[in-house]
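The analysis underlying the following values was restricted to heavy atoms, covering all of them including side chains, and did not include hydrogens, waters or symmetry mates. Each residue takes its place number in the sequence, starting with 1. Quick caveat, the model's predicted, so the values are computed rather than measured.
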Amino acid sequence: EDGIRDSSTSRGLGDVYKRQIRKSLLDTNTVITFTNKKGVTFTYDHDEIYSTFQEKFETMLRGGHPNSLGCTLEVVDIILNDEESLDYLFECYSSNDATVRLRVSNAFKRIFRQKPNWFVGCVNKFQSLIPTLNQPSAEWTLAQIHLEFCYLLTEEQKATAINISKEQLENSKDWIVIIQTMNFLEKMAQEDNGLRNWLLIKLALISKDKRKAVSKKATEILKSLNK
């Protein structure tokens with residue numbers, strides 16, 4: 001039913017995940033008691049819940065068609081009720097499953113759109129981790145959230161974001177990464193003449209790309225920056 005049940009979770013832990021966890025209860029000195037839909041009450045201590053988080057997030061994000069959400073929304077619900085569990089979502093970027101990594105990125109975007117201030121506490125971790133992964137879905141997600149939440153970035157973080165994006169534009173072969181990175185750099189170039197000049201040269205080259213979506217976007221941004 002919820003995509004995460006197996007023989008070891010027959011006690012109904014899926015119901016905890018989807019509805020019953022409250023951050024105020026996730027203290028190391030407390031236990032969590034909940035009642036499932038059948039009226040059966042269970043109790044879990046803090047360590048049991050957190051070890052289950054670590055074990056289950058990747059399982060929840062695995063399986064099904066790569067373009068489907070799978071249990072992404074359930075994971076988002078869990079984390080929105082417990083900010084500390086963001087760390088476990090970050091750990092899923094190390095998964096060998098490309099679908100899991102793609103859904104991790106989708107989950108982060110959904111979480112930050114509901115809780116923009118949480119992005120502030122994650123910026124440095126994102127900027128340190130993503131460039132080391134060589135994962136297109138993570139790279140285009142970083143470009144998207146840099147653009148969407150650039151108003152929350154410090155000047156130092158903006159500079160780091162620009163450097164990461166320039167590297168991505170230079171080296172990435174993924175068309176989505178290239179397009180999302182161009183979108184972010186266009187925004188930043190409006191306030192930075194040095195970046196604008198650098199980007200104009202790159203866009204002139206990219207506008208000749210054989211991929212129509214890439215060349216079209218580069219041409220559009222060229223026209224915008226040359227107004």
Side-chain angles (χ1 to χ4, degrees), residues 2-4 9 11-36 42-62 69-95 97 99-133 135 137-154 156-158 160-161 164 184:
D2 57 24
I4 62 170
T9 56
R11 295 171 65 193
L13 196 51
D15 293 321
V16 177
Y17 279 142
K18 297 174 77 171
R19 287 176 292 276
Q20 300 297 324
I21 292 176
R22 295 292 181 268
K23 186 176 181 180
S24 61
L25 295 178
L26 290 176
D27 179 86
T28 55
N29 296 317
T30 66
V31 295
I32 297 171
T33 299
F34 79 99
T35 303
N36 68 12
F42 301 107
T43 299
Y44 296 88
D45 64 27
H46 175 273
D47 289 342
E48 186 174 5
I49 288 293
Y50 267 74
S51 65
T52 306
F53 276 166
Q54 286 183 291
E55 295 166 0
K56 288 298 182 181
F57 270 10
E58 185 171 348
T59 301
M60 292 174 72
L61 294 170
R62 188 182 294 130
L69 286 173
C71 290
T72 303
L73 298 183
E74 285 84 349
V75 171
V76 170
D77 281 344
I78 294 168
I79 295 172
L80 288 175
N81 283 293
D82 175 34
E83 185 179 358
E84 292 180 11
S85 60
L86 277 170
D87 287 341
Y88 300 133
L89 188 59
F90 267 111
E91 291 175 9
C92 291
Y93 266 132
S94 64
S95 172
D97 189 324
T99 299
V100 170
R101 299 194 301 266
L102 183 63
R103 289 171 179 164
V104 169
S105 293
N106 187 290
F108 271 120
K109 285 184 286 188
R110 291 173 182 274
I111 291 164
F112 293 148
R113 284 167 184 161
Q114 293 192 56
K115 301 281 188 179
N117 288 339
W118 288 12
F119 174 66
V120 175
C122 294
V123 176
N124 293 337
K125 190 168 185 176
F126 259 100
Q127 291 183 335
S128 297
L129 176 66
I130 301 305
T132 70
L133 297 178
Q135 296 175 8
S137 62
E139 291 172 355
W140 80 60
T141 295
L142 185 59
Q144 287 176 318
I145 61 177
H146 274 154
L147 175 60
E148 193 165 342
F149 301 105
C150 62
Y151 67 96
L152 294 172
L153 299 174
T154 65
E156 182 178 356
Q157 289 166 343
K158 283 183 181 179
T160 299
I164 291 171
F184 171 67

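Atom CZ of Phe57 sits about 4.0 Å away from atom CD1 of Ile79, to the nearest 0.5 Å. Here Gln144 contributes atom CD and Lys109 contributes atom NZ; the two are 3.5 Å apart, rounded to the nearest 0.5 Å. Taking CG of Asn124 as the start and OG1 of Thr154 as the end, the distance is 7.0 Å to the nearest 0.5 Å. Here OG1 of Thr160 is found 12.5 Å from NZ of Lys158. Values are rounded to the nearest 0.5 Å. For the atom pair CG of Leu133 and CG of Leu142, the computed distance is 10.0 Å after rounding to the nearest 0.5 Å.
For Asp87, the side-chain hydrogen bond (donor to acceptor under 3.5 Å, both in side chains) partners at least two apart in sequence or on another chain are Lys125.
In this structure a side-chain-to-backbone donor-acceptor pair under 3.5 Å is missing from Ser85 to Tyr88. With hydrogens and angles disregarded, a donor-acceptor distance shorter than 3.5 Å links the side chain of Asn81 to the backbone of Asp77. A donor-acceptor distance shorter than 3.5 angstrom exists from the side chain of Gln127 to the backbone of Gln157, with no hydrogens or angles considered.
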- In sequence, state the C-alpha distance, the side-chain angles, and the governing distance for Thr99 and Arg62, and then conclude on side chain to side chain contact (heavy atoms under 4.5 Å, CB included). CA-CA 7 Å; Thr99 299; Arg62 188 182 294 130; over 6 Å; no
- Task: Give the intermediate values and the outcome of side chain to side chain contact (heavy atoms under 4.5 Å, CB included) for residues Leu80 and Arg110.
- Result: CA-CA 10 Å; Leu80 288 175; Arg110 291 173 182 274; over 6 Å; no
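Taking all atoms of both residues into account, the shortest heavy-atom contact from Arg103 to Leu61 is NH1-O, 2.9 Å. Nearest heavy atoms, Cys92 versus Val100: O-CG1, 4.0 Å. Contact record, Thr141 with Ser105: OG1-CB, 2.9 Å, taken as the closest heavy-atom pair. In plain terms, the two heavy atoms of Phe90 and Cys122 that are nearest each other are CE1-SG, 4.1 Å. Closest approach of Arg101 and Ser95 over heavy atoms only: NH1-O, 2.9 Å.
For the pair Tyr93/Gln135, a side-chain contact is recorded, criterion being any heavy-atom separation below 4.5 Å from C-beta on. Leu89 has its side chain within reach of Ile111: a pair of non-hydrogen atoms, C-beta onward, lies under 4.5 Å apart. When side chains are defined from C-beta on, Leu153 counts as touching Cys150, because their heavy atoms get closer than 4.5 Å.
Among Phe119, Trp118, Phe184, Phe108, the single residue meeting the ring pair (Phe, Tyr, Trp, His ring centres under 6.0 Å) criterion with Phe149 is Phe119.
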